[in-house]
Amino acid sequence: SLKKLESPINGQIREILIIVRKCNDTYYAKQYPNQEMDESYLIEFSASTIEVSSNTPWGMIRALATFRQLIFHTETGQRYIQDVEINDRPRFPFRGVMIDSSRHFLPLPVILQMVDTMELHKFNVLHWHLSDTQSFPYQSAAFPNLSYKGAYHPFRFVYSQ
C-alpha cells in the first residue's frame with residue numbers, strides 16, 4: 001500500500017523517527033569504512049509513523065539511501081511512499097567502482113556524478129587510478145613538474161587543487 005506524505009493530517013505520516021543505536025561507541029565511530037562495520041538497518045511503518053533505525057552511522061547512511069528510493073512524486077506534485085518493512089544489510093563488505101583517469105581523463109563533474117551514483121547504490125569504495133607511467137594528471141604543489149611533464153596536456157587535462 002501507499003502512504004501520502006503531503007499533509008500531517010487525515011491518517012497520513014506525522015512522524016519520522018531516525019534512531020542510531022551505537023552512535024557514540026568509539027569502535028563504530030571510526031572515520032573510515034572498514035570490513036567489520038555494521039551497515040544493517042531497519043525501516044518500519046506504523047499508522048502514522050516511519051521508524052528508520054540502525055546500529056551505526058554507516059547503517060543509517062545506507063538506510064536513508066533506501067528511504068529516499070521509497071518516495072515517489074506524482075504528476076500533480078503529491079508525494080507518496082511505499083508502505084513496506086525493510087530489514088537489510090549489505091551482502092559484501094566492499095562494494096566499489098574503479099575510475100582510471102590516468103589513462104582516460106574524466107572531467108571533475110563526471111567524477112562527482114559517479115560518487116553521487118555510488119551513494120545511491122550503496123557502494124562504499126572508490127578506487128581512483130589517478131597516476132601511471134603513461135600519465136600523471138594531478139597538479140602537485142610539492143612537485144609541479146610531475147603534471148607539467150607527465151600529463152597528456154600540461155594545462156587542459158589535469159586535476160588541480
Side-chain angles (χ1 to χ4, degrees), residues 2 5 16-44 50-75 77 79-82 84-161:
L2 300 176
L5 290 176
I16 299 175
L17 299 172
I18 307 290
I19 302 167
V20 180
R21 292 183 193 90
K22 298 179 182 176
C23 192
N24 294 327
D25 190 334
T26 56
Y27 175 78
Y28 290 106
K30 288 185 177 180
Q31 185 176 0
Y32 300 106
N34 60 74
Q35 200 166 10
E36 292 84 31
M37 69 183 176
D38 180 7
E39 295 180 78
S40 64
Y41 60 90
L42 177 64
I43 301 174
E44 294 179 294
I50 302 172
E51 183 176 311
V52 183
S53 61
S54 69
N55 289 330
T56 66
W58 293 106
M60 185 54 65
I61 291 170
R62 307 302 172 232
L64 293 175
T66 299
F67 184 78
R68 188 175 88 179
Q69 293 170 348
L70 295 173
I71 299 171
F72 66 95
H73 302 269
T74 65
E75 292 178 2
R79 294 175 293 173
Y80 289 87
I81 188 163
Q82 295 287 335
V84 296
E85 180 177 313
I86 299 174
N87 189 353
D88 196 17
R89 65 179 176 78
R91 182 175 176 191
F92 302 105
F94 293 107
R95 303 162 312 278
V97 171
M98 185 184 108
I99 297 175
D100 187 359
S101 62
S102 68
R103 293 186 182 95
H104 309 283
F105 182 82
L106 296 170
L108 188 57
V110 172
I111 294 171
L112 294 175
Q113 183 181 20
M114 176 68 72
V115 171
D116 288 342
T117 303
M118 287 176 61
E119 185 273 331
L120 179 68
H121 294 287
K122 303 177 192 100
F123 284 28
N124 64 353
V125 176
L126 172 63
H127 178 89
W128 191 352
H129 191 197
L130 185 58
S131 63
D132 208 334
T133 56
Q134 292 89 358
S135 177
F136 196 91
Y138 170 72
Q139 286 183 341
S140 168
F143 305 103
N145 282 337
L146 283 175
S147 63
Y148 183 74
K149 294 180 179 179
Y152 287 116
H153 190 281
F155 304 112
R156 290 182 51 212
F157 300 116
V158 293
Y159 301 104
S160 61
Q161 297 178 359

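Note that this is a predicted model, so its numbers are computed, not measured. Any value given below was found using the heavy atoms of this structure, including those in side chains, with hydrogens, waters and symmetry copies removed.
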Student: With side-chain contact (heavy atoms from CB on, under 4.5 Å) as the test, pick out the partner of Glu51 among Leu42, Ile16, Leu17.
Tutor: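 Only one option passes, and that is Leu17.
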Student: Determine the sole option in Asn124, Asp88, Asn55 for which the side-chain contact (heavy atoms from CB on, under 4.5 Å) test with Glu39 is passed.
Tutor: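 Filter result, single survivor: Asn124.
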Student: Within this structure, what is the CG-CD distance for the pair Asn87 and Glu85, rounded to the nearest 0.5 Å?
Tutor: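 Answer rounded to 0.5 Å: 7.0 Å.
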Student: Kindly check if the number of other-residue, nucleotide or ligand heavy atoms within 6.0 Å of CD (Glu44) is above 12?
Tutor: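 Yes, CD of Glu44 has more than 12 neighbouring heavy atoms, counting only those of other groups under 6.0 Å.
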Student: With a cut-off of 6.0 Å (strictly less than), are more than 12 heavy atoms of other residues, nucleotides or ligands near CE of Met118?
Tutor: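 Buried by this count: over 12 neighbours within 6.0 Å.
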Student: Kindly determine whether Ile81 and Phe67 satisfy side chain to side chain contact (heavy atoms under 4.5 Å, CB included), including the steps that lead there.
Tutor: CA-CA 9 Å; Ile81 188 163; Phe67 184 78; 3.4 Å; yes
Student: Which atoms form the tightest heavy-atom contact between Ala63 and Val52, and what is the distance?
Tutor: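 Closest pair (atom of Ala63, atom of Val52, distance): CB-CG1, 3.6 Å.
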Student: So Tyr41 and Ile61, side chain to side chain contact (heavy atoms under 4.5 Å, CB included) or not? Walk me through it.
Tutor: CA-CA 9 Å; Tyr41 60 90; Ile61 291 170; over 6 Å; no
Student: Distance from His121 atom NE2 to Gln69 atom CD, nearest 0.5 Å?
Tutor: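 With rounding to 0.5 Å, NE2 (His121) is 7.5 Å from CD (Gln69).
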Student: Rounded to the nearest 0.5 Å, what separation is found between the CD1 atom of Ile19 and the CE atom of Met60?
Tutor: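 Answer for the CD1-CE pair, Ile19 versus Met60, is 7.5 Å.
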Student: Pair Met114, Ile99 - check side chain to side chain contact (heavy atoms under 4.5 Å, CB included), show working.
Tutor: CA-CA 9 Å; Met114 176 68 72; Ile99 297 175; 3.9 Å; yes
Student: Looking at OG1 of Thr117 and CG of Leu112, how far apart are the two atoms once the value is rounded to the nearest 0.5 Å?
Tutor: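 The OG1 atom of Thr117 sits 10.5 Å away from the CG atom of Leu112.
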Student: Mark yes when over 12 heavy atoms from residues, nucleotides or ligands other than Arg95 sit less than 6.0 Å from its CZ; otherwise mark no.
Tutor: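 Yes, CZ of Arg95 has more than 12 neighbouring heavy atoms, counting only those of other groups under 6.0 Å.
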Student: Nearest 0.5 angstrom please: Arg68 CZ to Thr66 OG1, how far?
Tutor: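 So the CZ of Arg68 and the OG1 of Thr66 are separated by 10.0 Å.
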Student: Taking all non-hydrogen atoms of both residues, which atom of Ser40 and which atom of Asp38 are closest, and how far apart?
Tutor: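 Closest pair (atom of Ser40, atom of Asp38, distance): OG-OD1, 2.7 Å.
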